[in-house]
Amino acid sequence: MIVVYGAGGIGCYVGGRLAAAGAPVTFVGRQRMADEVAEYGLRLTDYLGADLRVDNVRFETTPAVAAEAELVLVTVKSAATAEAADELAEVLRPGAVVVSFQNGVRNGEVLRSRLTEQVVVTGMVPFNVLKRGAGLFHQGTEGALDVQRDAALAPYLAAFERAGLPLTEHDDILPVQWSKLLLNLNNPINALSNLPLRDELSQRDYRRCLAAAQAEALELLDAAGIRPAQLLAIPMHRFPAVLRLPDFLFRRLASKVLAVDPLARTSMWEDLEAGRPTEIDYLNGEVVRLAGSLGRTAPVNSRLGELIQEAGIARRSWSGAELWQALRLVM
């Protein structure tokens, strides 16, 4: 049995796709999500036109069911990783396979340090999932699931393939995680803009903000000897230059680089809208931590973190020009 632990947007979508393809999946999450799924079931859609339904979903709210699991997909928010690991440690069988499908770059290490009798594999979800209500979860951007190569995953590869979410295996997952994090540096910009991703990215001033955050991070990664993996058609080190292009040129190039549909938004936008804590400390905050380890600073990413903290207290929508000006002041 597969258990999705921390079933929110990503967990319900990935687990739902597996269940729709016939895999035995049990979800563990909050009561509000259990109630929603009990009433509506799961409906999974994507930017390519997929539209799948899963009824009679098994959704639990306590860790006990994980004792039955052979494979556990951890999809909790990064701040909850240590707590989730401690809960799982009490019930998981030795040898169970645990995959971290979370943002950031350190969650796999946190799980591994606490789940010493299990096989912990670091993974990465490159696409955005929007929770639209009534059990509907929508994949708004392209991408396949990425994982650290591990023989323990072999029995499950076919299930992910049937679900239309094939696992791309990597000998070293850290460069992949950093590439995803570089893309996720847009999360606070999107959240502050209060716009769908496509609308936000169509405006040059917002893209300049992202380019500044990415360029700062790339300089630090270079100093640390970390070369991000190439996830898209354009190498990550060239991405800031592409983002700075005039709108008409960017639109022409972006259509060949990244598929984003009109519904796509970031999880950070969803968290702010719902009044929940964001993962800013595990995205832009990781860049700030890397800078500190090198004896440097990361003023752009620091400022974005501050603005998100402020937005959690008093919500407002930033225009591209306003946000770009706020970041230029610290550059």
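- Partners of Arg114 by side-chain contact (heavy atoms from CB on, under 4.5 Å), not counting sequence neighbours, listed by chain and number: Ala82, Ala85, Asp86, Val110.
- Placement of Val120 and Leu174 in two distinct hydrophobic clusters is found when ILVMFWY residues are connected by side-chain heavy-atom separations under 4.5 Å, directly or transitively.
- Surrounding CZ of Arg149 are more than 12 heavy atoms belonging to other residues, nucleotides or ligands, all under 6.0 Å away.
- Evaluation of the side-chain hydrogen bond (donor to acceptor under 3.5 Å, both in side chains) rule for Thr168 yields no partner, not counting sequence neighbours.
- Donor-acceptor pairing under 3.5 Å is recorded for the side chains of Asn186 and Glu200.
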Mind listing the side-chain donor-acceptor pairs of residues 152-164 below 3.5 Å, one per line with the distance, residues two or more places apart or on another chain?
none

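- Here Phe127 pairs with Tyr13 under the ring pair (Phe, Tyr, Trp, His ring centres under 6.0 Å) rule; sequence neighbours left out.
- With sequence neighbours excluded, the residues that form a side-chain contact (heavy atoms from CB on, under 4.5 Å) with Arg244 are Ala211, Ala215, Pro240.
- A donor-acceptor pair is defined here as one N or O able to donate and one able to accept, closer than 3.5 Å; such a pair exists between the side chain of Gln148 and the backbone of Asp171.
- With rounding to the nearest 0.5 Å, the separation of CG in Leu42 from CD in Glu36 is 8.5 Å.
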Checklist line | Steps toward side-chain contact (heavy atoms from CB on, under 4.5 Å) verdict (Lys77, Ser267) | finding: CA-CA 10 Å; Lys77 295 289 187 179; Ser267 58; 3.9 Å; yes
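- Relative to the ring axis of Phe137, Arg132 does not place its NZ or CZ within 45° and under 6.0 Å from the centre.
- Asn187 and Thr266 are not linked by any side-chain donor-acceptor pair at a separation below 3.5 angstrom, with hydrogens and angles left out of the test.
- A donor-acceptor contact closer than 3.5 angstrom links the side chains of Asn107 and Ser78.
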Margin query: Apply side-chain contact (heavy atoms from CB on, under 4.5 Å) to residues Leu88 and Leu115 and explain how you reach the verdict.
Written below: CA-CA 8 Å; Leu88 288 169; Leu115 299 174; 4.1 Å; yes
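- Other residues, nucleotides and ligands contribute over 12 non-hydrogen atoms within 6.0 Å of the CZ atom of Arg93.
- A continuous path of hydrophobic side-chain contacts links Leu71 to Leu165 [ILVMFWY only; heavy atoms under 4.5 Å].
- Judged purely by distance below 3.5 Å, without hydrogens or angles, the side chains of Asp247 and Gln203 never pair a donor atom with an acceptor atom.
- Asp146 and His170 form a side-chain donor-acceptor contact under 3.5 Å, judged by distance and modelled atom types alone.
- Shown here is Asp51, whose CG atom has more than 12 heavy atoms of other residues, nucleotides or ligands within 6.0 Å.
- At a cut-off of 3.5 Å, with distance as the only test, a side-chain donor of Thr81 or Gln102 sits close to an acceptor on the other residue.
- With sequence neighbours excluded, the residues forming a side-chain contact (heavy atoms from CB on, under 4.5 Å) with Asp35 are Gln31, listed by chain and number.
- In summary, Glu286 and Arg289 engage in a salt bridge, as defined by a charged side-chain N under 4.0 Å from a carboxylate O.
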